[in-house]
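Beneath this line is the structure, given in structure tokens, with notes to follow.
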Amino acid sequence: MRNHHERLKRALGAALALASVALLGGARPQAADPHPFGAGERAEYSVRLAGIGVGSGSLVVNGVETVAGEQTYHVTMRVSGGRGPFRVNDRFDSWIDVDGLFSRRFHQNQHEVRFRRNRTYDFNPERRTFRRENGETGSIPTDKPLDDVSFIYYARTLPLDVGDVYELHRYFKADGNPVTLRVVRRETVEVPAGRFRTVVVQPVIRTDGLFGKGGHAEIYFSDDERRIPVLIKTRVPVVGSLSMHLKSYRPPS
């Protein structure tokens, strides 16, 4: 009995010690990811141009990486395919601050028919400045910048009730603001991955990118807590309509 009491006292003492460390700001248990996405999430798509299947695409959260001393989700969006000279081969990489959900780095590598672009921006949100790979520097209009990919992930954290209109003055280029997200309807869609109830959002960025003002883009997010991008529709110069249809989805690891 005495040994039993001694074991209980030691266990209670250890528990109190751990509690004291936590209260004093020491080691704390790992919190669950508060976002509907996380490291290891992967969505694969079939790509259609003018309604014809011609390629593939993906949205991937590669992992958590450190940028300028801060933890970020490294996210990659790829779109490739086409016929003959009418081809699209785009890759966008965004490093999204884990806590603030804003961009700390953005890379564009686009090849759409005769349009080409390859550049990287490193943001210093605290100073509202950027630096490019060629040494160019400049200012950004916000301390929580969003780019063409990070705003998709940021949108997944919003309520997205039909009729909502979000005007976000957070695009990293001043002339791209405001980014407007209109929640226009609910719709059930069939894609290769199955049948999904979705909430449809029309994004408008005042640029010439995938979600530019003239692109008439729509993103169909799954109507559940995951907000998976199930279907993405837009237009690209010369080629015309482009759509990405979910083929498979792997949740965060």
Side-chain angles (χ1 to χ4, degrees), residues 37 40-63 65 67 72-96 103-123 130 132-134 136 145-153 155 171-173 176 179 191-193 201-221 228-250:
F37 53 85
E41 184 186 55
R42 185 178 193 91
E44 298 282 351
Y45 300 86
S46 60
V47 171
R48 299 178 187 175
L49 292 175
I52 301 172
V54 293
S56 61
S58 60
L59 274 170
V60 181
V61 183
N62 302 287
E65 299 178 8
V67 174
T72 66
Y73 298 112
H74 177 194
V75 174
T76 301
M77 180 179 184
R78 292 178 181 267
V79 185
S80 63
R83 291 181 180 274
F86 302 105
R87 301 193 64 83
V88 173
N89 188 10
D90 292 346
R91 172 172 173 153
F92 304 86
D93 286 85
S94 183
W95 285 260
I96 306 169
S103 180
R104 289 193 174 272
R105 178 181 294 155
F106 179 52
H107 175 71
Q108 294 171 285
N109 189 349
Q110 292 176 265
H111 182 188
E112 300 169 2
V113 192
R114 294 185 296 272
F115 176 80
R116 293 173 184 263
R117 177 177 288 162
N118 190 354
R119 57 191 183 185
T120 301
Y121 292 86
D122 276 287
F123 302 118
F130 73 83
R132 280 188 53 193
E133 78 292 339
N134 61 3
E136 177 190 350
L146 293 173
D147 56 57
D148 300 63
V149 177
S150 58
F151 91 86
I152 296 177
Y153 286 85
Y171 193 61
F172 72 97
K173 296 172 69 175
V179 176
V191 293
V201 175
Q202 292 178 340
V204 178
I205 302 176
R206 299 174 184 272
T207 66
D208 55 2
L210 275 177
F211 304 105
K213 189 174 182 180
H216 306 290
E218 290 186 333
I219 304 177
Y220 295 62
F221 293 104
I228 303 166
V230 171
L231 176 62
I232 300 174
K233 296 181 178 180
T234 186
R235 297 181 66 84
V236 294
V238 182
V239 175
S241 65
L242 179 148
S243 56
M244 299 172 62
H245 304 249
L246 185 68
K247 290 194 303 184
S248 64
Y249 174 76
R250 186 180 71 194

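Side chains are part of it too, since the values below use all heavy atoms of this structure and drop only hydrogens, waters and symmetry mates.
The ring-ring contact (aromatic ring centres under 6.0 Å, His included) check on Tyr45 picks up nothing, with sequence neighbours excluded. The ring-ring contact (aromatic ring centres under 6.0 Å, His included) test applied to Phe172 returns Phe106, Tyr121, Phe123, not counting sequence neighbours. For Arg48, there are no salt bridge (Lys or Arg N to Asp or Glu O under 4.0 Å) partners at least two apart in sequence or on another chain.
Contact between Ser46 and Lys247 at its shortest, heavy atoms only, is N-CG, 3.5 Å. Closest heavy-atom contact between Val47 and Gly57: CG2-N, 3.6 Å. In terms of heavy-atom proximity, Ser94 sits nearest to Val149 at CB-CB, 4.1 Å. Scanning all heavy atoms of the two residues, the minimum distance from Ala217 to Pro203 falls at O-CD, 3.4 Å. The two residues Asn62 and Val75 make their nearest non-hydrogen contact at ND2-C, 3.9 Å.
Between the CE atom in Met77 and the CG atom in Asp93 there is a gap of 11.5 Å [rounded to 0.5 Å]. Rounded to the nearest 0.5 angstrom, Ile152 CD1 and Asp147 CG are separated by 9.0 Å. Here the CG-OG distance, from Leu246 to Ser58, works out to 11.5 Å after rounding to the nearest 0.5 Å. Note that CG of Leu231 and CZ of Phe221 are 11.0 Å apart. Values are rounded to the nearest 0.5 Å. The line from CZ of Arg91 to OG of Ser80 is 11.5 Å long, rounded to the nearest 0.5 Å. The distance from atom CZ of Arg132 to atom NE2 of His107, rounded to the nearest 0.5 Å, is 11.0 Å.
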Notebook entry, point to check: Would Thr72 and Ile96 count as a side-chain contact (heavy atoms from CB on, under 4.5 Å) if you check the C-alpha gap in whole Å, the side-chain angles of each, and the deciding distance to 0.1 Å?
Noted result: CA-CA 5 Å; Thr72 66; Ile96 306 169; 5.6 Å; no
Item checked: Tyr73 vs Tyr153, side-chain contact (heavy atoms from CB on, under 4.5 Å): CA-CA, chis, key distance, verdict -> CA-CA 10 Å; Tyr73 298 112; Tyr153 286 85; over 6 Å; no
Note to self: Set out, in order, the CA-CA distance, both residues' side-chain angles and the distance that settles side-chain contact (heavy atoms from CB on, under 4.5 Å) for Ile232 and Val79, then state yes or no.
What the structure shows: CA-CA 11 Å; Ile232 300 174; Val79 185; over 6 Å; no
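A distance-only check finds no donor-acceptor pair linking the side chain of Glu41 to the backbone of Val61 [under 3.5 Å].
Annotation: Arg78, atom CZ; neighbour count of heavy atoms from other residues, nucleotides and ligands within 6.0 Å does not exceed 12.
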